[in-house]
Amino acid sequence: MKCLELLLFLLLFVRDIGAQWNVWMPRDISAMTNSCVVIPCTFMYPASIRPYRGIHGIWYFGQPYPQLFPPVVYKSRTEIVHESYKGRTRLLGDLLQKNCTLQISNIGAEHSGRYYFRADLGGANIYTYPDFTELKVLDQPNIDVPEEIVTDESLDLTCYAPDNCPEMSPEIHWMYTDYLPDPLFTTDFVEEGNTAVMSSTLTFTPRPMHNGQLLGCRVHYPNTTFFYERLISLDVKYAPRKVWVNVSQEVMEGNSVVLHCDVDSNPPPRISWHFKDEELMSDIASNASLYLESLTPEQEGVYTCVGDNGYGVMNTSLYLAVRCKCKILLLEGTSLALHCGTQGNPAPTLTWLKDGELVGTITADEVSVLELLEIRPQADGTYRCLAENEHGRASTSLNITVEFAPILLDDSKCTIVREGVQCVCIASGNPEPSIEFYLPDLNITINETNGRFNYYTHSDGYTSTGMIKLRDKGERGNNGGTAVHVHCSITNMYGTETIRLELQQEKKYMMAVIVGTIGGVAVIAFIIAAVRYVGQNNKKENSNPGQDVGSKVENPSMFYSAVKKDKQSLRKKVGDDSDYQPVGSMAGLERQELNYAALEFMRGRPREGGLGRGDDGSDYTEIKAK
Ligand SMILES: *[C@@H]1O[C@H](CO)[C@@H](O)[C@H](O)[C@H]1NC(C)=O
Ligand SMILES: *[C@@H]1O[C@H](CO)[C@@H](O)[C@H](O)[C@H]1NC(C)=O
Ligand SMILES: *[C@@H]1O[C@H](CO)[C@@H](O)[C@H](O)[C@H]1NC(C)=O
Ligand SMILES: *[C@@H]1O[C@H](CO)[C@@H](O)[C@H](O)[C@H]1NC(C)=O
Ligand SMILES: *[C@@H]1O[C@H](CO)[C@@H](O)[C@H](O)[C@H]1NC(C)=O
Ligand SMILES: *[C@@H]1O[C@H](CO)[C@@H](O)[C@H](O)[C@H]1NC(C)=O
Ligand SMILES: *[C@@H]1O[C@H](CO)[C@@H](O)[C@H](O)[C@H]1NC(C)=O
Ligand SMILES: *[C@@H]1O[C@H](CO)[C@@H](O)[C@H](O)[C@H]1NC(C)=O
């Protein structure tokens with residue numbers, strides 16, 4: 001230990017008196033191609049040496065060992081230098097002043113490397129200093145880019161150009177900065193360790209839109225044709241700023257649907273789809289599709305897509321309505337009110353369309369009621385309630401089918417034809433009536449299961465046609481008279497009518513006599529209607545659990561219920577989950593307006609296998625499955 005300390009002391013002491021072989025030159029220096037560089041250099045030699053015949057110097061390239069013949073960059077004794085330095089090097093320093101400063105002009109890439117100085121003081125006093133300067137030849141300026149560029153945080157980008165050539169001083173410009181908000185440029189000149197660097201700092205606050213944009217730095221030496229450029233592409237990190245999902249939609253039970261989600265963020269997020277409290281899928285990508293097949297009513301609800309990239313989280317939801325494959329059947333003569341409720345900001349207008357055509361009035365209320373009084377078969381059709389505001393439109397539809405007892409149509413008759421007598425019976429009804437003939441004289445019933453006499457039947461929509469042909473007298477069953485006794489019965493679930501068809505030889509007219517009516521309109525015990533929640537009209541009048549949530553919803557969503565007209569209690573009410581069944585949701589013209597969060601409706605009564613029901617035994621009992 002003592003020994004080492006002593007040695008250190010001696011070394012320091014010796015150095016202090018400055019009598020050693022020493023050189024000072026920058027460890028690193030850089031220059032642009034085609035420009036020049038001055039390597040500042042001073043050297044020392046032991047004080048004991050008295051140089052005679054002057055001091056000479058040599059600059060070597062690559063290595064310090066003369067015996068390995070490194071390329072000679074400069075030699076003060078002769079002009080002989082390596083080919084690649086011919087005419088390019090000049091000693092600026094005065095060796096007698098121990099100044100070995102060297103200039104290299106017209107620099108090329110091949111000049112990159114280490115430069116060593118060798119002092120020749122005459123005789124054996126020749127020494128190559130082991131210290132060297134490493135020259136870096138650049139063909140592009142350097143840009144200092146922070147490792148992470150985050151949106152909305154002020155950013156400094158600095159472009160550097162070496163400034164070590166006294167004859168040529170660089171000018172730095174930033175390129176493609178036109179689109180930047182308030183860019184600030186600061187020029188600086190830094191001298192450090194005998195080398196100089198010119199810099200220009202660009203300061204601005206990047207935004208997500210700047211991600212991927214190009215920026216450039218250009219270095220130019222005035223009065224030369226030399227340009228040096230470097231381009232960088234900005235990688236601006238930003239939290240998800242948009243999560244796009246499909247518009248809310250209605251899908252028929254059993255069908256499949258693909259819900260698409262697109263997230264705008266950098267880097268790409270972990271994207272996931274959620275339903276209720278479950279994560280259905282996830283991926284690290286900018287988009288993700290959720291495949292839902294064979295939809296069931298339980299899959300109706302709010303689907304949320306979440307994007308999370310570590311810089312932030314964002315989600316957007318949509319409402320998927322799973323429509324039961326049902327139609328609403330109403331008995332003729334029933335009255336019905338269709339309620340369409342909506343929430344939106346601004347308040348949407350509501351329009352009713354029947355089979356695509358406007359019916360009723362356009363309102364700007366939260367609820368629009370379409371009353372269908374004393375329904376006739378013509379009321380049959382698709383009713384659609386359309387809500388529109390400036391953010392988009394939403395609609396929901398309802399198919400109404402009117403059911404009615406069979407009615408005999410005028411064309412029913414028996415006529416004489418060549419082969420005998422032909423009887424035709426035509427009836428309309430919904431469900432389509434079945435037709436049966438009865439020949440009282442023969443006590444024979446002719447129908448689909450019991451066909452005879454060329455029995456033929458055909459149904460087309462709500463109209464059924466039955467036909468029989470009686471060839472001879474035996475078939476007609478009378479005893480030679482001209483009268484033919486044929487009864488026709490038309491039946492559906494709402495009633496039966498039996499008519500006696502009489503034959504007129506002149507075929508002028510046909511008489512139909514209503515023999516009897518079994519069942520019929522008046523006797524129908526139940527009325528099939530669209531109403532699920534009838535009878536609750538007077539309940540829960542004041543409860544409105546969803547109102548608060550609903551009022552924040554930006555887009556309209558839609559509900560329907562049908563209420564029996566004669567209760568005269570068509571209330572304006574939204575959000576009472578006992579009255580509204582979500583059937584649809586909003587659509588949007590612009591994707592970014594599609595945020596849907598009509599969560600209050602989630603509390604709605606669950607569907608029951610696609611069948612609605614009246615809870616109170618009222619007239620409205622069911623929605624018939626198709
Ligand atoms: C060495 O010479 C150069 C060029 O003449 C000069 O700029 C520099 O100041 C000198 N260095 C010292 C230490 O005198
Ligand atoms: C460029 O050249 C012009 C005229 O030749 C001269 O006036 C000017 O000083 C030069 N500029 C530089 C930076 O050398
Ligand atoms: C959801 O959106 C994607 C992309 O916008 C579209 O291709 C797809 O058809 C949409 N799906 C539905 C069910 O609308
Ligand atoms: C979804 O992302 C993939 C890469 O993650 C991309 O190739 C594809 O184009 C994207 N699709 C859409 C519709 O954006
Ligand atoms: C969606 O975002 C809202 C707030 O912005 C948050 O309350 C909710 O929990 C998020 N939903 C999911 C599924 O992450
Ligand atoms: C209504 O009927 C039409 C035509 O029959 C059908 O295309 C549509 O899907 C039905 N809509 C509903 C909600 O049942
Ligand atoms: C008609 O035939 C049925 C059996 O097919 C029989 O029960 C019924 O008594 C007959 N009626 C008359 C009036 O003969
Ligand atoms: C046809 O008539 C027979 C005898 O009256 C009856 O048993 C059968 O149910 C009828 N079939 C149809 C389809 O109405």
Side-chain angles (χ1 to χ4, degrees), residues 208-209 211-212 235 237-325 343 345 384 386 391-397 545-546 548-558 582-603:
M209 61 175 288
N211 183 43
D235 180 15
K237 308 290 189 206
Y238 57 93
R241 58 171 180 155
K242 244 359 155 197
V243 175
W244 285 306
V245 297
N246 285 90
V247 298
S248 294
Q249 48 197 283
E250 258 177 69
V251 180
M252 279 293 178
E253 189 180 344
N255 286 359
S256 51
V257 70
V258 181
L259 300 179
H260 196 74
C261 178
D262 225 319
V263 178
D264 178 8
S265 75
N266 182 35
R270 177 180 184 278
I271 194 168
S272 54
W273 274 103
H274 299 254
F275 177 61
K276 294 186 176 156
D277 289 330
E278 204 185 332
E279 180 177 304
L280 300 180
M281 65 96 62
S282 75
D283 197 3
I284 307 276
S286 67
N287 63 70
S289 296
L290 178 68
Y291 295 86
L292 298 173
E293 281 165 6
S294 306
L295 283 167
T296 62
E298 288 68 44
Q299 285 171 289
E300 169 159 331
V302 174
Y303 286 77
T304 303
C305 177
V306 182
D308 181 351
N309 73 344
Y311 291 85
V313 188
M314 194 184 222
N315 71 55
T316 303
S317 299
L318 65 87
Y319 193 92
L320 182 69
V322 179
R323 301 298 313 277
C324 67
K325 282 193 171 172
Q343 292 263 310
N345 188 12
R384 180 168 291 277
L386 182 67
H391 298 303
R393 53 167 64 181
S395 80
T396 182
S397 70
D548 289 347
V549 183
S551 61
K552 292 177 202 135
V553 174
E554 284 219 347
N555 285 281
S557 57
M558 209 158 296
V583 296
S585 44
M586 79 297 304
L589 300 175
E590 288 185 285
R591 296 174 92 193
Q592 58 263 42
E593 297 298 345
L594 293 174
N595 246 318
Y596 179 81
L599 293 172
E600 76 271 32
F601 307 121
M602 293 301 290
R603 295 185 213 133

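Atoms within a ligand are numbered from 1 in the order they appear, just like the ligands themselves. None of the values given here were measured: they were computed from a predicted structure.
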Nearest non-hydrogen atom to atom 8 (C) of ligand 3 belongs to which of V258, V245, N246?
N246
Atoms in ligand 3 flagged as close to V257, the criterion being non-hydrogen separation under 4.0 Å
13 (C)
Do the non-hydrogen side-chain atoms of N266 and D235 ever get within less than 4.5 Å of each other?
yes
Heavy-atom distance under 4.5 Å between the side chains of E253 and L295, does that happen here?
no
Protein non-hydrogen atoms only, distance under 4.0 Å: does atom 10 (C) of ligand 5 have such a neighbour?
yes
Is atom 2 (O) of ligand 4 touching the protein, meaning some protein heavy atom lies under 4.0 Å away?
yes
Criterion side-chain contact (heavy atoms from CB on, under 4.5 Å) on T316 and C305, from CA distance to verdict
CA-CA 6 Å; T316 303; C305 177; 5.6 Å; no
Please list, in number order, the atoms of ligand 3 under 4.0 Å from a heavy atom of Q249.
12 (C), 13 (C), 14 (O)
In terms of relative ring orientation, are Y303 and F275 parallel, tilted or perpendicular, with 30° and 60° separating the classes?
parallel
Would you check whether N287 has a nitrogen or oxygen atom less than 3.5 angstrom from a nitrogen or oxygen atom of ligand 4?
yes
Among all protein non-hydrogen atoms, which one is nearest to atom 13 (C) of ligand 5, and what is the separation to 0.1 Å?
T304 CG2, 3.8 Å
Looking only at atom types and distance, does a side-chain atom of E250 sit under 3.5 Å from a main-chain N or O of A321, one as donor and one as acceptor?
no
Check whether Q299 reaches the backbone of T296 with its side chain - one donor and one acceptor, N or O, closer than 3.5 Å.
yes
Do N315 and ligand 5 have an N or O pair less than 3.5 Å apart?
yes
Do N309 and V263 have side-chain heavy atoms sitting under 4.5 Å apart?
no
Which atoms of ligand 4 sit under 4.0 Å from any heavy atom of S286?
2 (O)
If we count only non-hydrogen protein atoms and require a distance under 4.0 Å, does atom 5 (O) of ligand 5 qualify as touching the protein?
no
